[in-house]
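Here, residue 1 is the first one in the sequence, and each next residue gets the next number. Just so we're clear, the structure is a prediction, and the values are computed from it rather than from any experiment.
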Amino acid sequence: MAGKVKWVTDIEKSVLINNFEKRGWVQVTENEDWNFYWMSVQTIRNVFSVEAGYRLSDDQIVNHFPNHYELTRKDLMVKNIKRYRKELEKEGSPLAEKDENGKYLYLDFVPVTYMLPADYNLFVEEFRKSPSSTWIMKPCGKAQGKGIFLINKLSQIKKWSRDSKTSSFVSQSNKEAYVISLYINNPLLIGGRKFDLRLYVLVSTYRPLRCYMYKLGFCRFCTVKYTPSTSELDNMFVHLTNVAIQKHGDYNHIHGGKWTVSNLRLYLESTRGKEVTSKLFDEIHWIIVQSLKAVAPVMNNDKHCFECYGYDIIIDDKLKPWLIEVNASPSLTSSTANDRILKYNLINDTLNIAVPNGEIPDCKWNKSPPKEVLGNYEILYDEELAQGDGADRELRSRQGQSLGPRAGRSRDSGRAVLTTWK
């Protein structure tokens with residue numbers, strides 16, 4: 001009989017440790033022989049660094065791709081999506097089709113975004129086109145709502161360009177990099193409050209791309225009713241849904257200001273109708289797959305890696321979803337009892353896919369688990385299957401009447417089957 005999986009983690013969270021212990025795995029230190037290391041993003045940097053890094057053997061797996069930041073750093077995600085759109089355009093792909101105003105029909109899913117300080121002059125040009133708009137500034141490398149603020153006047157970011165009279169920046173090295181994005185000031189409100197969606201997506205390989213969507217995502221609500229009023233631009237309880245911020249407000253410790261995705265779906269079906277709700281969720285799935293396709297060419301597709309991402313999506317009042325950011329280390333802290341159960345099950349289902357049968361991993365395995373082990377995950381996109389079904393199917397379906405995420409769902413005894421773009 002094969003030996004037991006030896007595990008290490010540098011993230012002391014009960015939802016992780018309980019899952020390892022339940023499987024009868026053996027805890028070891030990082031200096032001993034290990035098979036499975038659930039590590040922080042800081043540690044993964046050292047494991048794969050040129051100086052300190054070491055070669056992983058076929059029986060070792062880790063929970064991050066070496067350069068996951070191509071997707072999970074706010075500036076790099078936008079840069080990669082912009083590059084992906086340009087490449088599709090160059091190829092003449094129907095996916096890159098634009099409307100009469102030059103807007104992408106199917107790939108317009110991130111708010112207009114610029115890097116600061118690098119794109120300051122471009123930003124100013126855009127700002128002057130619609131001076132009444134609000135923008136949101138975020139530091140590229142921070143999480144949990146840290147360092148974020150909203151602006152609606154150029155003077156509010158003049159401190160970034162103070163050193164230069166030409167309104168362009170001096171050396172970038174001594175300034176923290178930020179992204180500045182057009183603020184979605186028409187969010188869909190429920191009970192007068194703004195919310196966002198946290199969805200979990202597991203990637204087992206980027207080339208070919210194989211990803212899974214966790215069915216038990218949730219909405220995170222603000223504790224204070226939303227107002228677009230400029231007098232409330234500084235009130236983060238109105239604008240930011242991060243639990244790290246909201247828990248300091250009028251926070252409810254029973255439901256934690258959270259709703260399940262299935263509750264959201266029921267609510268939207270009853271208030272907006274089934275068809276538009278199905279279209280919205282198809283578009284959300286479409287956005288996620290396209291964002292992963294955008295980074296796949298630059299991702300170091302190391303066979304020892306898998307990754308569970310936390311996707312943050314905002315829905316506007318026209319039921320258009322927007323990708324806000326992707327987190328490499330979605331929080332495993334539980335703010336409520338339900339939260340603890342959800343995160344325990346998330347890790348359990350993730351491990352069942354990443355470490356089949358709880359046995360010592362074998363990186364030569366083709367990483368395509370049987371349906372029975374998926375738990376609450378469902379396959380979102382499998383590039384090998386998609387190509388097997390005919391490489392030009394995506395193209396054909398796009399050139400037909402039902403284009404892109406707007407493609408309808410065919411129904412089979414009440415269950416939704418794969419949409420045409422898959």
- Query: Is a side-chain donor-acceptor pair under 3.5 Å present for Asp10 with Thr43?
  - Reply: yes
- Task: Hey, could you give me the CG/CG distance between Leu202 and Asp349, rounded to the nearest 0.5 Å?
- Result: 10.0 Å
- Between the main-chain N or O of Lys318 and the side-chain N or O of Asp316, is there a donor-acceptor pair closer than 3.5 Å? yes
- Task: Check whether the side chains of Asn352 and Arg23 place a donor and an acceptor atom closer than 3.5 Å, and report yes or no.
- Result: yes
- Message: Using a 3.5 Å distance criterion without hydrogens, assess whether the side chain of Trp259 forms a donor-acceptor pair with backbone atoms of Phe221.
- Response: no
- Message: Is it the case that the side chain of Arg272 and the backbone of Thr277 share a donor-acceptor pair, with hydrogens and angles ignored and the cut-off at 3.5 Å?
- Response: no
- Any donor and acceptor pair, going by atom type alone, linking the side chain of His64 with main-chain N or O of Ile44 inside 3.5 Å? no
- Check the pair Met213, Phe281 against side-chain contact (heavy atoms from CB on, under 4.5 Å), reporting the backbone distance first and the verdict last. CA-CA 12 Å; Met213 164 74 84; Phe281 279 90; over 6 Å; no
- Query: Taking C-beta and beyond as the side chain, do Thr260 and Leu342 meet within less than 4.5 Å on heavy atoms?
  - Reply: no
- Message: Side chains of Val8 and Val28, heavy atoms from C-beta outward: is any pair under 4.5 Å?
- Response: yes
- Task: Compare all side-chain heavy atoms of Gln60 with those of Asp33 and state whether any distance is below 4.5 angstrom.
- Result: no
- Task: Please check if atom NZ in Lys82 has more than 12 non-hydrogen atoms from other residues, nucleotides or ligands closer than 6.0 Å.
- Result: yes
- Set of residues satisfying ring-ring contact (aromatic ring centres under 6.0 Å, His included) with respect to Trp34, sequence neighbours excluded: Tyr37
- Query: Is the shortest heavy-atom distance from the side chain of Leu199 to the side chain of Val261 under 4.5 Å?
  - Reply: yes
- Of the non-hydrogen atoms in Ala177 and Arg73, which two are nearest, and what is the gap between them? CB-NH2, 4.3 Å
- Salt-bridge criterion met for Arg85 and Glu89 (N-O under 4.0 Å): no
- Query: At their closest point, which heavy atom of Leu264 faces which heavy atom of Phe195, and how far apart are they?
  - Reply: CD1-CZ, 3.9 Å
- Task: May I ask you to decide if Asp312's main-chain N or O and Asp196's side chain share a donor-acceptor pair within less than 3.5 Å?
- Result: no
- Please say which of Leu71, Leu323, Leu107 ends up in a side-chain contact (heavy atoms from CB on, under 4.5 Å) with Ile81. Leu323
- Message: Could you measure the distance from the CG atom of Asp362 to the CG atom of Asn35? Nearest 0.5 Å is fine.
- Response: 11.5 Å
- Side-chain H-bond candidate by donor/acceptor type, Asp317 with Asn186, under 3.5 Å: yes
- Message: Is the ring pair Phe65/Tyr206 parallel, tilted or perpendicular, if the boundaries are 30 and 60 degrees?
- Response: perpendicular
- Item | Residue list, ring-ring contact (aromatic ring centres under 6.0 Å, His included) with Tyr309, at least two apart or on another chain | none
- Query: Is there a donor-acceptor pair closer than 3.5 Å between any side-chain N or O of Glu32 and the backbone N or O of Thr29?
  - Reply: yes
- Query: Taking only residues two or more places apart in sequence or in another chain, which ones pass ring-ring contact (aromatic ring centres under 6.0 Å, His included) with Tyr377?
  - Reply: Tyr214
- Are the aromatic ring centres of Trp25 and Phe36 under 6.0 angstrom apart? yes
- Message: For Ala386 versus Tyr381, what's the shortest heavy-atom pair and its separation?
- Response: CB-OH, 3.8 Å
- Message: Measuring only between side-chain heavy atoms, which start at C-beta, is Ser133 closer than 4.5 Å to Asn185?
- Response: no
- Output the distance between atom OH (Tyr178) and atom NZ (Lys74), rounded to the nearest 0.5 Å. 10.0 Å
- Item | side chain to side chain donor-acceptor pair (under 3.5 Å) against Glu30, all qualifying residues, sequence neighbours excluded | none
- Using a cut-off of 6.0 Å, state whether more than 12 heavy atoms not belonging to Asp99 lie near its atom CG. yes
- Query: Between the side chains of Ser57 and Asp59, does any donor sit under 3.5 Å from an acceptor?
  - Reply: yes
- Task: Write down the atom of Leu182, the atom of Trp135, and the distance for their closest heavy-atom approach.
- Result: N-CE3, 3.2 Å
- Heavy atoms of Asn301 and Thr205 approach each other most closely as ND2-OG1, 3.5 Å
- Sequence neighbours left out, what passes ring-ring contact (aromatic ring centres under 6.0 Å, His included) with Phe109? Give chain and number order. none
- Message: Donor-acceptor pair, distance only, cut-off 3.5 Å: does the side chain of Asn67 make one with the backbone of Glu70?
- Response: no
- Query: If you measure from the Lys or Arg side-chain nitrogens to the Asp or Glu carboxylate oxygens, is any gap between Asp108 and Lys98 under 4.0 Å?
  - Reply: no
- Message: We want to know whether Ser278 and Glu275 form a side-chain donor-acceptor pair, criterion being a heavy-atom distance below 3.5 angstrom.
- Response: no
- Apply side-chain contact (heavy atoms from CB on, under 4.5 Å) to the pair Lys13 and Thr333, showing each step before the final yes or no. CA-CA 7 Å; Lys13 294 289 180 194; Thr333 306; 2.9 Å; yes
- Item | Nearest-0.5 Å distance, NZ of residue Lys138 to CZ of residue Phe149 | 12.5 Å
- Query: About how many Å separate CG of Leu88 and CD of Gln290, when rounded to the nearest 0.5 Å?
  - Reply: 7.5 Å
- Listed by chain and number, what are the side-chain contact (heavy atoms from CB on, under 4.5 Å) partners of Thr271, not counting sequence neighbours? Tyr267, Leu268
- Message: Is a donor from one side chain sitting under 3.5 angstrom from an acceptor on the other, for Lys258 and Asn338?
- Response: no
- Is the backbone of Ser181 close enough, under 3.5 Å, to the side chain of Thr113 for a donor and an acceptor to pair up by distance? no
- Query: So do the side chains of Leu292 and Tyr311 get within less than 4.5 Å of each other, counting heavy atoms only?
  - Reply: yes
- Message: For Lys129, is there an ion pair with Glu125 - N to carboxylate O distance below 4.0 angstrom?
- Response: no
- Query: Short question: side chain of Asn300, backbone of Pro66 - any donor-acceptor pair under 3.5 Å?
  - Reply: no
- Query: Hey, is Asp339 close enough to Lys343 for a salt bridge, meaning N to O under 4.0 Å?
  - Reply: yes
- Main-chain N/O of Ala294 paired with Arg83 side-chain donor or acceptor, under 3.5 Å: yes
- Message: The test is side-chain contact (heavy atoms from CB on, under 4.5 Å); show your working for Ile180 and Ile151 and say whether it passes.
- Response: CA-CA 9 Å; Ile180 186 159; Ile151 68 142; 3.9 Å; yes
- Task: To the nearest 0.5 Å, tell me how far Tyr120 OH sits from Phe127 CZ.
- Result: 9.5 Å
- Message: Less than 4.5 Å apart, side chain to side chain, heavy atoms only: is that true for Glu269 and Arg265?
- Response: yes
- Message: Side chains of Asn63 and Thr350, heavy atoms from C-beta outward: is any pair under 4.5 Å?
- Response: no
- Quick one: closest heavy-atom pair of Pro321 and Ile287, and the distance? O-CD1, 3.4 Å
